[in-house]
Novice: 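Here's a structure for you.
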Protein chains: 2
Amino acid sequence: MTEKATPSPEAIKAWARLMRVSRQLMESAEEALKAAGLPPLAWYDVLHELAEAGEGGLRPFQLIERTLFAQYNISRLLARLEADGLVEKLPVADDGRGQTIRVTASGRETRRQMWAVYGRSIAELVGAKLSADELTMVSALLGRLRLPPAGD
Amino acid sequence: MTEKATPSPEAIKAWARLMRVSRQLMESAEEALKAAGLPPLAWYDVLHELAEAGEGGLRPFQLIERTLFAQYNISRLLARLEADGLVEKLPVADDGRGQTIRVTASGRETRRQMWAVYGRSIAELVGAKLSADELTMVSALLGRLRLPPAGD
DNA sequence: TCCATATAGATGCAAATGCATTAACTTTGG
DNA sequence: CCAAAGTTAATGCATTTGCATCTATATGGA
């Protein structure tokens with residue numbers, strides 16, 4: 001009953017801003033990486049998760065949970081990363097279907113190089129535009145827009 | 001000199017939230033459209049701009065400015081829209097290169113149907129989560145992150 | 001134990017995207 | 001008036017995405 005079919009003007013505006021700004025910023029960061037001859041952002045996301053996971057690595061399905069990429073997307077992304085020597089696939093003992101993905105030294109190095117560029121983009125695109133308090137407020141507000149884990 | 005190479009933790013968090021939430025919400029809205037048997041969001045953006053432009057229509061390059069799509073992207077999207085009878089391409093009198101794109105009655109109807117679903121998504125995904133004041137605050141903060149028109 | 005069902009990950013094929021280039025004009029400057 | 005440069009839009013080709021399906025293994029009952 002509290003469901004509204006038509007959004008308020010404030011909601012429409014916030015939505016439009018969110019979509020437009022996030023796209024602009026993403027493209028801007030992507031551009032900076034490309035200009036530096038580095039791989040796209042998607043690679044960073046995966047390398048980042050794997051780096052955080054450490055020696056134990058992660059199963060592909062865990063990467064899917066963490067990154068929100070589609071299953072086939074991860075599957076192929078990992079194939080590319082492996083072909084580039086940035087990750088390695090290890091068989092997993094107690095589950096013959098699966099594999100464990102671990103970042104290689106080369107993968108860590110690539111991530112480091114990407115962060116030098118990506119981090120600068122973040123600093124310039126958001127860090128330089130809003131105060132720490134404002135950034136915290138943005139995070140808090142956006143946090144309330146997150147979707148519940150799964151509507152299944 | 002005021003350039004920071006490394007972003008603050010607040011900036012990183014805000015960035016991460018922005019990217020993740022915008023992607024989630026976008027996908028959610030996209031999903032709702034697909035479930036209703038309607039075309040993707042990109043089509044809505046174009047139909048919306050054209051509907052606002054009225055009888056005069058818009059030139060493709062104007063659509064590019066307004067929607068931020070790449071040139072080749074618009075070119076092909078318009079081809080698809082035309083094939084579906086949602087827009088029509090008219091030669092433009094004073095410039096033999098160009099064309100004017102005008103939305104058809106069918107295009108307006110499709111946009112209307114899409115808005116029924118899309119608007120509901122916006123209402124549920126953001127309108128129901130934050131107050132009007134909070135939404136206004138989000139818009140204002142995000143507004144400060146917009147990129148200057150063109151760094152060319 | 002054996003079968004039905006579920007889960008992990010890969011893949012064939014169609015559609016969409018990105019990139020570079022091209023074709024068809026317009027505009028500008030001499 | 002003409003040549004050079006700029007603009008508008010389309011397109012060939014490679015890469016990526018999306019969808020559905022498929023293979024292989026695991027699990028949970030009868």
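Chain identifiers are assigned alphabetically (A, B, ...) following the order of the sequence lines, protein sequences preceding nucleic acid strands; residue numbering begins at 1 within each chain. Below, each value reflects all heavy atoms present in this structure, side chains not excepted, and no hydrogens, waters or symmetry copies.
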Novice: Between Lys129(A) and Glu10(B), does any side-chain N to carboxylate O distance fall below 4.0 Å?
Specialist: no

Novice: If I take atom CD in residue Glu65(A) and atom C1' in nucleotide dT7(C), what distance separates them, rounded to the nearest angstrom?
Specialist: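 Checked: the CD to C1' distance equals 12 Å.
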
Novice: Short of 4.0 Å, heavy atom to strand atom, which residues of residues 29-38 of chain A count as contacting DNA chain C?
Specialist: Lys34(A)

Novice: Taking the side chain as every heavy atom from C-beta outward, state whether Leu58(A) and Arg66(A) have any atom pair closer than 4.5 Å.
Specialist: yes

Novice: Count the heavy atoms belonging to other residues, nucleotides or ligands that lie under 6.0 Å from CE of Met137(B), then report whether that count exceeds 12.
Specialist: no

Novice: Under a 4.5 Å cut-off applied to non-hydrogen side-chain atoms, are Arg23(A) and Phe69(B) in contact?
Specialist: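 Counting from C-beta outward, Arg23(A) and Phe69(B) do come under 4.5 Å.
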
Novice: Determine the interplanar angle of the Tyr118(A) and Trp115(A) rings, folded into 0 to 90°, and report it as parallel if under 30°, tilted if 30 to 60°, perpendicular if over 60°.
Specialist: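 Answer is perpendicular, since the angle exceeds 60°.
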
Novice: Find out whether Pro60(A) and Ile101(A) are in side-chain contact, i.e. whether some heavy atom of one side chain is under 4.5 Å from a heavy atom of the other.
Specialist: yes

Novice: Is there a side-chain contact between Leu33(A) and Met114(A) (heavy atoms, below 4.5 Å)?
Specialist: yes

Novice: Rounded to whole Å, how long is the line connecting atom CE of Met26(B) with atom C1' of dT17(D)?
Specialist: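 Atom-to-atom, Met26(B) to dT17(D), this comes out as 15 Å.
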
Novice: Look up atom CG in Leu130(A) and atom CG in Leu125(A), then write down how far apart they are to the nearest 0.5 Å.
Specialist: 11.5 Å

Novice: Going 5' to 3' along nucleotides 9-17 of chain C, which nucleotides have protein heavy atoms under 4.0 Å from the base (write B), which only from the sugar-phosphate (write S), and which from neither (write -)?
Specialist: BBBBB--SS

